[in-house]
Amino acid sequence: MTQIAEVIVDVPTMQTNRPFDYAIPASLTKQISPGMRVVVPFGKRQLQGFVVAITDQSSFEGTLKEIVAVVDLRPVLNHELLQLSQWLAQSTFAFWISCLQTMLPSVMKASYEKTVRLEPTADPKLATELFQGKQEIPFSEATNLTSAHKLLQLQKEQQVEIVYHVNNRAHKKMLKGLLPTKSVAECEALKANLTKSAKKQALLLAYLTSVAGQTEAIAYQQVLAAVAVSRETLRTAAKKGWFKEVAIEQYRDPYAGHTVEHTRPRVLTAEQAAAVTQISQAVKESQNEVYLVEGVTGSGKTEIYLQVIQDALKLGKTALMLVPEIALTPQMVNRVKGRFGERVAMLHSGLSTGERYDEWRRIERQEAQVVVGARSAVFAPLSHLGVIIMDEEHETSYKQDDMPRYNARDVALWRAKYHNCPVILGSATPSLESRARAQKGVYHLIRLKHRVNDRPMPEVTVVDMKNELKKTTEGNFSELMLTQIRQRLIRHEQSVLMLNRRGFSSFVMCRDCGFVLKCPNCDISLTLHMDTHSMKCHYCGHEEAIPKVCANCHSHKIRYYGTGTQKVEAELKELLPTARILRMDIDTTRRKGAHEKILNQFGQHDADILLGTQMIAKGLDFPDVTLVGVLNADTALGLPDFRASERTFQLLTQVSGRAGRADKKGEVVVQTYNPEHYAIQLARHHDYEGFYKREMTLRHQGNYPPYYFTILLTASHEEENLAAKKIFQLMNQLKPVLSQKAIILGPTPRAIARVNRRYYYQMVIKYKNEPNLNAELTKIMQDNQETKKGIQISIDREPLSFI
DNA sequence: AGCACGCCGACT
DNA sequence: GTCGGCGTGCTC
């Protein structure tokens, strides 16, 4: 009976979002298995696809086509990851093929090429005129020289053939090497037969004697370094059969040249030790539990992670540790590499595609048992997972904002369930979703109340910028901030200044009283739309005129708010001409490695002040930094997002953690127009629990997460009215399916309504329990593909940004 | 996504 | 008459 493979083909559309059946030719039956990539005919073309199952019958009525080739010797996706891909596709409303591809290094995605090949029977004139003596030319080149029609005609006349190529872009770095085949005795015999003048060959044979019996291949490089013979001697020796010449696969080592200092486990505090004991027990007993580790910066979360990993390794299990991209600093990498050495694989955006592929293969071959990486590392092909760790669990970068729109936290929880292993979610400022689950007892809450060595928390001073403006002319620096920076300059200590760029000039605020215009229906800040010269709420669509006077204090100093890093740098240079300033923002860190370079410079005290955007809030730990200044704490508060307070609290807490070390006390100065705002006041007192309680009350009142689930639906079209029409139609389609308890916000135009010549309209569904919602949303995705007409629809489950 | 098929207007 | 524009439907 012929075997049949169910294949997901590389065509990301709704119509092809299902397995297609292919016959497995007899020659391939032995080597093919689910999780392998294959090349299959699809229409006229050839495509790459993934075998997701093997069966012996098909419901397809026609005759099945045969699989052309198998790409992999071994499956690139195991049973777990195949199942995960299916779940991911369903839960994020993405194409299955997109999910399969995001789980693998990008080089494993096929590239396609279309060429025209000359048939032997062709007119000789064609060979010179069109093909210029070549046998095969790219299709695009052919159409440049002649018309597409003419080519088709030539194809019908069997003068040319149109060929579709599927290229594998992943290339392994190969080295030539030798594999010893002769025994010691054989080597001695060969040596005895040599003429006296054959000194080099004698040397080589002596070497071969020393490695006789070794089953591992030795790279030529290594041989040449050990023995004074030339490449040519090796070549002739190989011909004579003294050894076997083999190709050795070489991993690109992204850390070559870096020396990593070996580190030992540190002595734990009582709190840390209790945490490690509890979690390691769960690792040992394969319990699928989630531990939320809530601890301020400096409470030693990383050491807990490392020791739990160590315990997992001792049990022969593996560990996955996820870290936000910006926190993957050399300091962080060295700490893990220093502890586990060769057993660690790193996956982050700093690697070249080739290096990433090599790290992935080291994991896949079980040569690495610990994986540290950013979002996509959650798909690392580790088997026997003992623990999954997600540091800075609240970070929004764990959510991917294009297809598939997955949150690495959900994937981590899924994998932990599959492997029956614990998950550690760590943060100084947990997301309300996670903290609330800990409250309900779904997660175990582990609170670290003390810092290692009982270091005091830095003192935070809040400066009310409304008063400052009355004192001086408009500027970004308060008197206190300047005094503090000057003090650091005198003491040869360093300062870190953060300019919050979130919500840059998108909202209007009164400079006298800090009043921000809010929507009367939603209690969400209104967004300034310069295109329509109005203030809009893009939750409910409310619109009003841009105010000329403050509705609260009738001041005329109401304006949109924001400033750039360059401007601040210039201002700072004028105020403090002697200070050496380093600027770190998107502009100065665009080049690869620039980020690291700036931090190194600052670490070597090449500058007194580091001025930057949010990116400086994480991962940097410099002993001489005793002042952290936040220039504008409240810009994010003005954002039309119910998570605005949460973000502000998290950011302030995080930057505060950058100030001061064991020996030098740190200070934090926060400038704001909203000094009484609870997010700022509670951050000032390092009171996460207080913030959690306060914010939960507000979320409860506003019917927001974690009390409600959310879905963001977006429709876009080049013509505004068509996009609007579609979103209203979708709302009408969904309404009858939803219960009375579901809340629909909108539809409204998106804050930046037009992007890339397309208009965007969106609506938000808030719900608690809607059994029919998933099916209807899936239907919407399918229907839309059939009646497209230029309309694009996207569905985002639990979006982290509503802008 | 491509590619074919089909139908319509604009030309050698 | 035919070339080439794009709307529609299919790919195991």
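Residue numbering restarts at 1 for every chain, and letters A, B, ... go by the order of the sequence lines.
A distance cut-off of 5.5 Å between ring centres, combined with a plane angle under 30°, places A:Phe42 in a stacking arrangement with the base of C:dT11.
Here the side chain of A:Tyr22 is nearest to one of C:dC12, C:dT11, B:dC3, namely C:dC12. Nearest to the side-chain atoms of A:Arg18 among the listed nucleotides B:dA4, C:dC12, B:dA1 stands C:dC12.
Ring centroid separation for the pair A:Tyr406 and A:Phe379 comes in under the 6.0 Å cut-off.
The residue A:Pro19 sits apart from the nucleic acid: no heavy atom pair falls under 4.0 Å.
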For this session: Show the numbers, then the answer: is there a side chain to side chain donor-acceptor pair (under 3.5 Å) between A:Tyr761 and A:Glu720?
Result: CA-CA 9 Å; A:Tyr761 274 75; A:Glu720 186 168 8; 2.9 Å; yes
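The CD atom of A:Glu61 sits 15 Å away from the P atom of C:dC10 (whole-angstrom rounding). When rounded to the nearest whole Å, the span between CD of A:Gln48 and P of C:dC12 equals 17 Å. One can place CE of A:Met14 at 13 Å from P of B:dA1, the figure rounded to the nearest angstrom. Between A:Lys109 atom NZ and B:dA1 atom P there is a gap of 11 Å when expressed in whole angstrom units. Rounded to whole angstrom, the span from the CZ atom of A:Phe20 across to the C1' atom of B:dG2 amounts to 14 Å. As rounded to whole Å, 13 Å separates atom P of C:dT8 from atom CD of A:Gln15. Regarding A:Leu47, its CG atom lies at a distance of 9 Å from the C1' atom of B:dA1, rounded to whole Å. Rounded to an integer number of Å, the gap from CD of A:Gln46 to C1' of C:dC12 is 14 Å.
Between B:dG2 and A:Tyr164, no contact under 4.0 Å exists linking OP1 or OP2 to a side-chain N or O. Using a 4.0 Å cut-off, no side-chain N or O of A:Lys44 falls inside it from OP1 or OP2 of C:dC10.
Taking a 6.0 Å sphere around OH of A:Tyr164, one finds it holds more than 12 heavy atoms contributed by other residues, nucleotides or ligands.
Under 4.0 Å is where a charged nitrogen must lie from a carboxylate oxygen, and between A:Arg356 and A:Glu359 no such pair does.
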